[in-house]
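Okay, so here's the structure we're looking at.
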Protein chains: 2
Amino acid sequence: MAGVRDQKKKQTRAAILKAAMKLFSRQGYEQTSIDQLAQAAGIGKGTIYSYFHTKSEIFLAFCEEQLEFVYQELTARSNPKMPLRKQLLTLFMGEFRFVSRNREFGRILLREMVFPKDFPGARAREVDDKYIEMLTPIFKRAQQRGELRTDLELIMVTGHLYALYIMTVSGWYMGRLHTEEDVAMAMEFLFDQALQGLAPTTAKEKAAHAAKK
Amino acid sequence: MAGVRDQKKKQTRAAILKAAMKLFSRQGYEQTSIDQLAQAAGIGKGTIYSYFHTKSEIFLAFCEEQLEFVYQELTARSNPKMPLRKQLLTLFMGEFRFVSRNREFGRILLREMVFPKDFPGARAREVDDKYIEMLTPIFKRAQQRGELRTDLELIMVTGHLYALYIMTVSGWYMGRLHTEEDVAMAMEFLFDQALQGLAPTTAKEKAAHAAKK
DNA sequence: GAAAAAACTCGACCCCGGTCAATTTTTAGG
DNA sequence: CCTAAAAATTGACCGGGGTCGAGTTTTTTC
């Protein structure tokens with residue numbers, strides 16, 4: 001039977017991930033050794049490397065599941081009728097809450113997502129694409145409501161806002177932003193800047209006023 | 001004499017950095033061991049750790065010198081009379097060229113700068129502040145020329161544009177942008193978006209038109 | 001000037017991520 | 001069933017980052 005082997009492989013993979021989830025959460029990433037992982041999964045150390053190339057890959061696989069869940073959760077809860085800036089804020093703050101739940105996890109994940117190491121960065125791009133899928137309908141609706149320019153490529157809009165999100169999180173990691181509230185305020189500020197533009201407009205006074213309060 | 005010891009410490013530190021510069025450049029960061037570094041610097045392995053906490057700290061120290069030089073170079077060459085977007089492009093592309101000269105170096109540096117590990121992220125913030133110092137006069141002039149809103153905190157403007165720079169570089173590391181030209185185009189696009197704003201304006205037609213060409 | 005105190009240097013050592021040749025398990029053909 | 005090839009598993013092993021306490025050098029103290 002062709003299935004016996006494959007089935008067992010799935011089980012082993014799952015066992016590794018389960019062990020990883022438990023040990024990483026309990027003792028942290030660095031403090032967990034591959035040997036421990038193997039022992040907890042009931043296999044030999046070497047075997048792990050026929051399922052994952054590196055330790056960090058195990059971590060990433062473990063994160064991606066959670067991330068996908070969080071995305072679904074967030075989109076489900078988002079209210080399509082709110083103004084764009086409010087929706088974006090809710091979404092990105094939701095993700096920040098997830099990332100900041102464990103400082104170390106978030107850092108490893110973000111480092112790998114933003115500046116990936118393994119050649120094609122394919123893994124990171126997949127997750128990114130999930131992002132784009134999630135945001136696109138929100139942007140489309142905002143365009144219909146006249147809250148977003150229609151002459152822009154949505155992928156560039158996504159990139160723009162994601163960049164601001166990353167910068168805000170970076171501010172938190174750098175110790176410039178201390179509390180969740182600091183983060184929310186900075187993000188709000190940057191999003192408003194992005195929507196209104198940095199250059200003065202003819203309706204400049206109105207924009208300046210809106211930004212103040 | 002109080003100086004004998006201190007003087008020697010300076011020398012030793014310099015010797016380590018010199019050895020690091022040579023070996024990292026020649027064989028890469030990962031391929032250079034602390035033992036090699038110690039040998040090249042003519043000291044014992046353990047001694048290195050009384051000058052730097054970790055291997056990556058050596059690398060960072062080595063990078064910071066170079067970065068400072070690059071900043072000075074870039075500001076010296078920048079032409080204060082050019083339009084803001086052009087100046088920004090020149091500046092950030094100059095930095096990208098530096099970062100991309102050695103893919104591995106850039107990645108390590110950026111990872112540490114954007115998502116720092118050691119507690120206060122103080123090192124990263126210093127470099128950041130150099131950035132702000134460098135950009136502030138450019139923004140001030142742009143404001144006088146009416147190219148930049150005057151009702152914004154300059155630090156938020158810096159953060160905004162730096163975020164877009166980081167996102168562009170990330171696109172390069174993720175394999176979405178392949179050549180230097182791809183990077184330049186993406187950056188230009190994002191900067192224009194930031195200046196004009198993502199929301200429609202009353203003078204919307206004009207903005208849309210300008211973005212096209 | 002001597003000796004105590006402080007600062008510094010060193011390399012053997014520990015731990016861990018990752019490798020690989022040897023061994024066990026599975027599959028397929030007769 | 002049996003067997004030989006293929007696939008999977010394993011743990012001893014390797015190289016490197018980082019630690020530590022013993023030994024050395026400099027500074028301070030009297």
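Quick caveat: nothing in here was measured; it's all calculated off a predicted structure. A note on names: the letters A, B, ... follow the listed sequences, proteins ahead of strands, and every chain is numbered from 1.
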Checklist line | Axial cation check for B/Y29 ring with B/K55, 6.0 Å and 45° limits | finding: yes
Check: Expressed in angstrom and rounded to an integer, what is the separation of A/I58 atom CD1 from C/dG17 atom C1'?
Finding: 10 Å
Margin query: My understanding is that only residues two or more places apart in sequence, or in another chain, count here; which of them pass side-chain hydrogen bond (donor to acceptor under 3.5 Å, both in side chains) with B/R141?
Written below: none
Item checked: Carboxylate-amine/guanidinium contact B/D182 B/R176, below 4.0 Å -> no
Margin query: Between A/Y131 and A/Y71, is the ring centroid distance below 6.0 Å?
Written below: yes
Notebook entry, point to check: Considering residues at least two apart in sequence or located in another chain, which fulfil the side-chain hydrogen bond (donor to acceptor under 3.5 Å, both in side chains) criterion with B/Q144?
Noted result: none
Notebook entry, point to check: When the distance from CD of B/Q39 to P of C/dC10 is rounded to whole Å, what number comes out?
Noted result: 12 Å
Item checked: Rounded interatomic separation in angstrom, taking CG from B/L37 and P from C/dC10 -> 14 Å
Checklist line | Salt-bridge present (B/R123, B/E64; N to O < 4.0 Å) | finding: yes
Next item on the list: For nucleotides 9-22 of chain D, just jot down a letter per nucleotide in 5' to 3' order: B, S or -, based on protein non-hydrogen atoms under 4.0 Å.
Entry: SBB----SBBB---
Next item on the list: For B/R13 and C/dC8, give me the distance from atom CZ to atom C1', rounded to whole Å.
Entry: 17 Å
